[in-house]
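The structure under discussion appears below in the form of C-alpha cells.
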Amino acid sequence: MDFINMEKNKTSEDSKKILNRRSFIIIIISTFFSLIISLRLFSLQVVNSKFYKKKSVENRVSIKLTPPIRGDIYDSKKNLLAGSSSLYEFVVFKNLNKDHLNEIKILDDLIKLDLNLNDLSKRLKKYNDYSGFSLSRAKWEQIVKFEKNKFLFSSIKIIESKKRYYPYKNFSQIIGYMGQPINTSDLYPKGVFHIEKSYENHLKGVPGKIFSEVNAKGKTIREISIEKSIKGNDLNLTLDLKLQNYAQSLIPKDKKGSIVVLSVIDGSILSMNSNPTFDAQIFEDRESSKIKDFLNDNNKPLFNRAFSGFYPPGSVFKPISALVGLQRNLINPQTEVFCKGHSSLGDRNYYCWKKEGHGRVNLKKAIKESCDVYFYELAKNIDIDDIFKLSTDLGLNKEYNIGLSNMGKGLIPSKKWKKAFLDEGWYQGETLITCIGQGFNQTSPLQLATLYSALLNGGKYPIPKIDKNYPTKFEGKSLNNEYQKIIINALNAVVQEPRGTAYKLSISYPDLVKIGGKTGTSQVVRIKESEREDDQYKSKEIEERFKDHSVFVGYAPYSKPKYIASVIIENGGSGSTVAAPIAHRILDFAFKNNV
C-alpha cells in the first residue's frame, strides 16, 4: 500500500512538473506576444501617430484640386499675346443618376457632341461617383439648346472653366499652344510647343484645394475649407505687336518665307515671322478637322522658317570670307582681281553671277557689286577651317537656347565635319563655293541676323533673346577695328552707292530710312556648264521649284545701326528685287516707330 502511495505521489509530482513547464512556456509565449502587441501599439500611437492621424484625416477628408489661372504673355509694350478666357463644359456627376450613361447618349443625340460612348463608359467606371467628369466643351448654341431641354438631365451640369486665349495669329509659331495631359501626373493642360512649353513652370501657377468631409462611400457631407489657387507668373517678350503684324503683311501670301528683326544693342528679337503660319486658337478650341488639315498640309504651316529653316546664305556670307582674307594677309583693300565672268580651278570653271564679268575689282567693289570671281580667287588660298572658326565666332554654327522648339544649329563645313559625316577629304574647289555662301553652308534667318549683329558690334555680339527680363549676354571675339570698318563701309555702299546691288532702294524709296546691308541669292539647284551655254538656265528658273531663294540682311540707320532685318523668300529669285525692298520697309517702320 505504501508502495502504491509512493508511486501515486511520484506521478503527481511529475504531472506538476510538466504542468509547471507548460505554464512557463505559455507565459513566455504570452509575454512575447504581449510585448509585440505593446511595441506595435507604441509604434501606432507614439512613433507613427502623425502618419496614421494623417491617414485617418484623409479617409474622412476629400481634397479636390482646382486649376490655377495660367500666367499671361505680353509683348514688349504690354499688349496681351496669350491669356485666359472663360469657357463652359458639360460635366456628368455619376452619383446624381444611376442611368447617367443614357443621359449622356440623349445629350449627344440632342446637340451632336460626337462622343465616343464606349470609351466614355470605360473611363467613367474608374471615375469617382461624386467627382464631375468633363464630357465636352460647350458652345453657346449648345448651351441654349441644353437649357431648353434641361428637364431631361439630372446628372449633367454646365460648369464654368478656363481656356487659353490667343488674340493674334501671327504669334502662333512663337508662343505655341497647349495640349491635354498625357501622363497621369499631369492634372491640367500644359504647353506642348515653343514658349508655352519651355516656360511651363513659369506660367502654370499653383493649384488650389477644396477640403471636404466625406462619408465611407466618398459622398461629400460638408465643405471644410478652401485654399485659393495661385495664378502663374506673367511673361514679357521682346517682340513688338505692331512690327510683327506689319512684317507678316509684307511676306507675299503665295510664298514661303521668313523675317527676323533684331536689336543691334541687346539682341532682343523684335519680330520673327514665318509664312505660311497657323492659328494656335484652333488647338485650344479643339477644332479637330482644322488641326488635321494643318498637320497634313505640305506647306508645313507649323514649321517656323525663321529659326528652323536652313538655307545656303548666298552672298550675305561674303563678308566672312573677306575678313578671313584680311586676317590672314591674303588681301588688303587695294588688292584687285580681274573678273571676266568666271574663274578656273583645275579643269572646272566657277561662274560669276554677272556673265560678262565685273572687270577690275577690289575688296569694296567685290562686296558692293557682289562679284563671285573675286571671292573664288581669294578662296584658292583660304583654309576652310579658318572660315569655319570665324563663322562660329561670329554666331553661325550655333543653336540659340531662347525657348523655342526645334531650334537647329545649321552648318558651316570644316575638314573634320566632312570626314566624320561623309568619310571624305576636303577639296579646294569646295572652299570656292563655300566662300560665296553656297555648297554645304546652311544658315537660318535668325543666324544671319546674329552674324550681322556681330559684324556691327565689332565681333562681340549680344546673344539673341526673346524673354524681355533675360539679361543681355555677349559672345564672340573682337575684330580688328580697321578690318571691321572696311567691311561695314562696303556694306553701306551696297545700298548707298551707284552700282551697288541694292542701290535701287535708295532711288526708289528716298523717304525711307537710309540702310546698309547685303543682297544674296541662295541657289536651289546646281546649274551645269552646258545648261548655261544653251540658256537652259533661264528656262529652268521659270519653274517655281527651281527658282533661287531671295535673301537680304540689312541694318538701319546705316550711320548708327540700331536694327537688323534678315529676310528670306523661298524661290523668290534675286535678293535685290524681292527680299531687299521688304527689309527696307521693315527697317523704316521699326526706326520711325521707335520700336
Side-chain angles (χ1 to χ4, degrees), residues 67-87 161-181 186-208 228-245 247-248 259-263 265-274 277-285 302 304 306-308 399-407 446 449-450 462-473 590 595:
I69 297 176
R70 197 169 176 85
D72 298 324
I73 301 176
Y74 297 95
D75 82 336
S76 59
K77 294 182 174 63
K78 274 295 181 179
N79 293 301
L80 182 68
L81 304 181
S84 299
S85 62
S86 293
L87 65 86
S161 185
K162 295 289 182 182
K163 71 172 181 178
R164 207 64 166 149
Y165 168 59
Y166 302 109
Y168 301 104
K169 173 183 175 181
N170 291 335
F171 289 86
S172 296
Q173 288 185 336
I174 301 168
I175 293 175
Y177 52 86
M178 305 292 291
Q180 293 304 301
D186 298 328
L187 298 174
Y188 309 110
K190 60 187 297 184
V192 295
F193 210 44
H194 295 323
I195 295 295
E196 291 281 28
K197 179 182 179 180
S198 57
Y199 283 85
E200 172 66 22
N201 291 333
H202 181 85
L203 294 165
K204 68 181 182 180
V206 180
K228 291 185 177 181
S229 62
I230 301 174
K231 182 184 175 183
N233 298 303
D234 293 339
L235 179 64
N236 298 303
L237 303 182
T238 58
L239 300 167
D240 182 89
L241 172 62
K242 290 182 179 179
L243 181 62
Q244 180 81 10
N245 288 338
Q248 191 74 33
I259 296 169
V260 174
V261 182
L262 204 64
S263 166
I265 299 167
D266 66 0
S268 291
I269 298 171
L270 306 176
S271 179
M272 183 182 283
N273 307 80
S274 180
T277 186
F278 70 99
D279 189 351
Q281 198 63 48
I282 67 165
F283 288 89
E284 191 61 21
D285 294 341
L302 298 176
N304 194 319
F307 56 82
S308 295
E399 183 176 321
Y400 310 129
N401 183 21
I402 58 175
L404 300 172
S405 307
N406 305 321
M407 181 77 70
L446 176 59
T450 305
I463 301 172
K465 64 176 184 176
I466 204 165
D467 181 347
K468 190 175 180 180
N469 295 323
Y470 191 79
T472 301
K473 295 182 179 180
V595 173

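These values consider heavy atoms only, across backbone and side chains, with no hydrogens, waters or symmetry-generated copies. Please read these numbers as outputs of a predicted model, since none were measured by experiment.
- Sequence neighbours left out, not one pair with a member in residues 464-473 passes salt bridge (Lys or Arg N to Asp or Glu O under 4.0 Å).
- A distance of 6.0 Å separates CD1 of I73 from CG of L237, quoted to the nearest 0.5 Å.
- Annotation: side chain to side chain contact (heavy atoms under 4.5 Å, CB included) contacts of P462 (sequence neighbours excluded): S453, N457, T472, F474.
- The CE atom of M407 sits 9.5 Å away from the OG atom of S198 when rounded to the nearest 0.5 Å.
- Side chain of Q244 to backbone of M272: a donor-acceptor contact under 3.5 angstrom is found.
- Note that CG of L270 and NZ of K242 are 15.0 Å apart. Values are rounded to the nearest 0.5 Å.
- Residues forming a salt bridge (Lys or Arg N to Asp or Glu O under 4.0 Å) with K163 (at least two apart in sequence, or on another chain): D285.
- Here OG of S172 is found 10.5 Å from CG of N304. Values are rounded to the nearest 0.5 Å.
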**Q.** Test log, rule side-chain contact (heavy atoms from CB on, under 4.5 Å), inputs T450 and V260
**A.** CA-CA 10 Å; T450 305; V260 174; over 6 Å; no

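- When all heavy atoms of N273 and S271 are compared, the pair lying nearest together is OD1-OG, 2.6 Å.
- Residues passing the side chain to side chain contact (heavy atoms under 4.5 Å, CB included) test with N401: none are found, sequence neighbours excluded.
- For the side chain to side chain donor-acceptor pair (under 3.5 Å) test, no residue two or more places apart in sequence or in another chain qualifies with K169.
- In this structure, Q281 and Y166 approach most closely via the heavy-atom pair OE1-N, 2.6 Å.
- For I195 against L235, the heavy-atom pair with the smallest separation is CG2-CD2, 3.5 Å.
- The closest donor-acceptor contact from the side chain of S268 to the backbone of T238 lies at 3.5 Å or more, if one exists at all.
- Scored by the side chain to side chain donor-acceptor pair (under 3.5 Å) test, K231 finds D72 as partners (sequence neighbours excluded).
- Atom CG of L203 and atom CE of M178 lie 8.0 Å apart (nearest 0.5 Å).
- Contact record, I259 with A306: O-CB, 4.3 Å, taken as the closest heavy-atom pair.
- Under the side chain to side chain contact (heavy atoms under 4.5 Å, CB included) criterion, A590 pairs with L243, Y563, V595, sequence neighbours left out.
- Legend: residues meeting side chain to side chain donor-acceptor pair (under 3.5 Å) with N245, ordered by chain and number and at least two apart, are N170.
- Side-chain contact check for P68 versus P207: some heavy-atom pair is nearer than 4.5 Å.
- Distance check: D234 CG to Y199 OH gives 13.5 Å after rounding to the nearest 0.5 Å.
- Residues forming a ring-ring contact (aromatic ring centres under 6.0 Å, His included) with Y177 (at least two apart in sequence, or on another chain): F193, F283.
- Nearest approach of S308 to N406, heavy atoms of both residues: OG-O, 2.6 Å.
- When the side chain to side chain donor-acceptor pair (under 3.5 Å) test is applied to D240, the partners found at least two apart in sequence or on another chain are K77.
- You'll find the side chain of I174 stays beyond 4.5 Å of the side chain of I269, heavy atoms only.
- Taking each heavy atom of Y168 and L80 in turn, the nearest pair found is CE1-O, 3.4 Å.
- Of the N and O atoms on the side chains of K162 and S86, at least one donor lies less than 3.5 Å from an acceptor on the other residue.
- For F307, the ring-ring contact (aromatic ring centres under 6.0 Å, His included) partners two or more places apart in sequence, or in a different chain, are H194.
- Not one N or O on the side chain of E196 forms a donor-acceptor pair closer than 3.5 Å with the backbone of G176.
- Evaluation of the salt bridge (Lys or Arg N to Asp or Glu O under 4.0 Å) rule for E200 yields R70 as partners, not counting sequence neighbours.
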